[in-house]
Amino acid sequence: EDDGGDPHRPMAEELAKVMRLMHLSARTEHAYSGWVSRFLAFVGTKNSSSINERDLRAFLSHLAVDRKVAAATQRQAFSALLFLCRHVLSVSVAGLDSVVRAKLGKSLPVVLSVQEVRKVIAHLQGINRLMAIIIYGAGLHLGECLALRIKDIDFDRGCLTIRGGKGNKDRETLLPEMVVEALRRHLGSVKIRYLEDRARKVEGVWIPEALARKYPGAGTEWGWFWVFPANRLSIDPATGLVRRYHMLPTSLQRAFKLAVAKSGVVKNATIHTLRHSFATHLIERGYDIRTIQELLGHSDVSTTMIYTHVATKN
């Protein structure tokens, strides 16, 4: 079927609808849509109904042989196309043994020592410093830190609740004691911004669609407000509403890169290095590997075990 010159448009629209129905994260939706678009460009004008497993094998092999992509990139492409075949095209993809695999390297995570973490954080100020300490002290992904809401902080129990983290799983982790007072002061200024938004009748912050239907006014409640709200209002791409989103990652990423350079640390450290360092330092202090697995939110303990290879003592 030709739809406006694009024979694959109905399939792309169906993919978007299925991903939304299955509550995939916005990042996953974006990644899957990108890979499906590249795949459709690869198969060219071939009709959607005639796409089969051979096309899938050819594209994945093309990524490894011609494009020379990393193994992780090929795996992401495979996941996207597997989703397309299973949930949109209803195509069997049982035999993929003939796919040329990108070589999977064995790289260890970059880890900073406790002293190096202190050096880098010493060169951060304000909100960037606060976020970096929380990411290191709680073992968070950057996105998990940015998406924190007021109700996710439990000062009495000294813990943070991470909702819909990687793999769409909830978990509890530590609230670093050294950041409590600074965080309380920060929330005082955030409360002022929240009250200004309410006075200006700004649309409530984004909350999951199911909750928005069940509790229509929840997005305007203090408990759902962002711990790290953006300075400016923005347009919600899904609804077109003007509302306040959380801070973007670029500000902290730039500040952290500059802090690493100023600190004299020569390792290729990023914000994610703080999460790696959190896990490694806990192992070095003798914490149980299963406990660390729970704090990090790993589904498989073998993922957590990689930190035993970079710990200085076990």
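As a basis for the values below, the full set of heavy atoms in this structure was taken, side chains included, without hydrogen atoms, waters or symmetry mates.
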Roughly how far apart are [X] [atom1] and [Y] [atom2], rounded to 0.5 Å?
X: Glu14; Y: Leu84; atom1: CD; atom2: CG; result: 10.5 Å
X: Thr28; Y: Met22; atom1: OG1; atom2: CE; result: 11.5 Å
X: Asn128; Y: Phe256; atom1: CG; atom2: CZ; result: 11.0 Å
X: Leu81; Y: Arg38; atom1: CG; atom2: CZ; result: 10.5 Å
X: Phe278; Y: Leu112; atom1: CZ; atom2: CG; result: 15.0 Å
X: Leu15; Y: Ser33; atom1: CG; atom2: OG; result: 5.5 Å

Check: [Y] main-chain N/O paired with [X] side-chain donor or acceptor under 3.5 Å:
X: Arg244; Y: Asn231; value: yes
X: Arg275; Y: Leu140; value: no
X: Thr280; Y: Ser277; value: no
X: Arg171; Y: Leu295; value: yes
X: Tyr287; Y: Leu282; value: no
X: Ser61; Y: Ala58; value: no
X: Arg129; Y: Ile121; value: yes
X: His309; Y: Pro109; value: no
X: Gln253; Y: Ile271; value: no

Exercise: do Gln293 and Arg290 side chains pair donor with acceptor under 3.5 Å: yes

Side chains of [X] and [Y]: does their closest heavy-atom pair fall under 4.5 Å?
X: Val110; Y: His276; answer: no
X: Arg54; Y: Arg57; answer: yes
X: Ile162; Y: Asp152; answer: no
X: Leu187; Y: Tyr194; answer: no

Test: [X] and [Y] ion pair at under 4.0 Å:
X: Glu29; Y: Arg20; value: yes
X: Lys151; Y: Glu221; value: no
X: Arg193; Y: Glu196; value: no

Parallel, tilted or perpendicular: ring planes of Tyr32 versus Phe83, cut at 30 and 60 degrees: tilted

Whether Tyr307 and His298 hold their rings parallel, tilted or perpendicular, with breakpoints at 30° and 60°: parallel

Check against side-chain contact (heavy atoms from CB on, under 4.5 Å), Arg198 and Thr220: CA-CA 7 Å; Arg198 298 282 56 77; Thr220 61; 3.8 Å; yes

Trace of the side-chain contact (heavy atoms from CB on, under 4.5 Å) decision for Leu175 with Val180: CA-CA 8 Å; Leu175 173 63; Val180 167; 4.1 Å; yes

Take atom [atom1] in [X]; do more than 12 heavy atoms of anything else shown fall under 6.0 Å from it?
X: Ile235; atom1: CD1; value: no
X: Phe42; atom1: CZ; value: yes
X: Asp300; atom1: CG; value: yes
X: Arg67; atom1: CZ; value: no

Worked check of ring pair (Phe, Tyr, Trp, His ring centres under 6.0 Å) between Trp35 and Phe78: CA-CA 9 Å; Trp35 280 116; Phe78 176 78; over 10 Å; no

Stepwise side-chain contact (heavy atoms from CB on, under 4.5 Å) check, Leu40 with Met11: CA-CA 10 Å; Leu40 295 178; Met11 184 175 66; 3.0 Å; yes

Worked verdict on Lys119 versus Glu116 for salt bridge (charged side-chain N to carboxylate O under 4.0 Å, His left out): CA-CA 5 Å; Lys119 285 181 182 178; Glu116 287 172 332; over 6 Å; no

Closest approach of Ser234 to Tyr245 (non-hydrogen atoms, all atoms of both residues): OG-CB, 3.8 Å

Non-hydrogen atoms of Ile207 and Ala218 that approach each other most closely: CD1-CB, 3.6 Å

Verdict with reasoning, Met247 to Trp226, per side-chain contact (heavy atoms from CB on, under 4.5 Å): CA-CA 9 Å; Met247 288 177 61; Trp226 307 110; over 6 Å; no

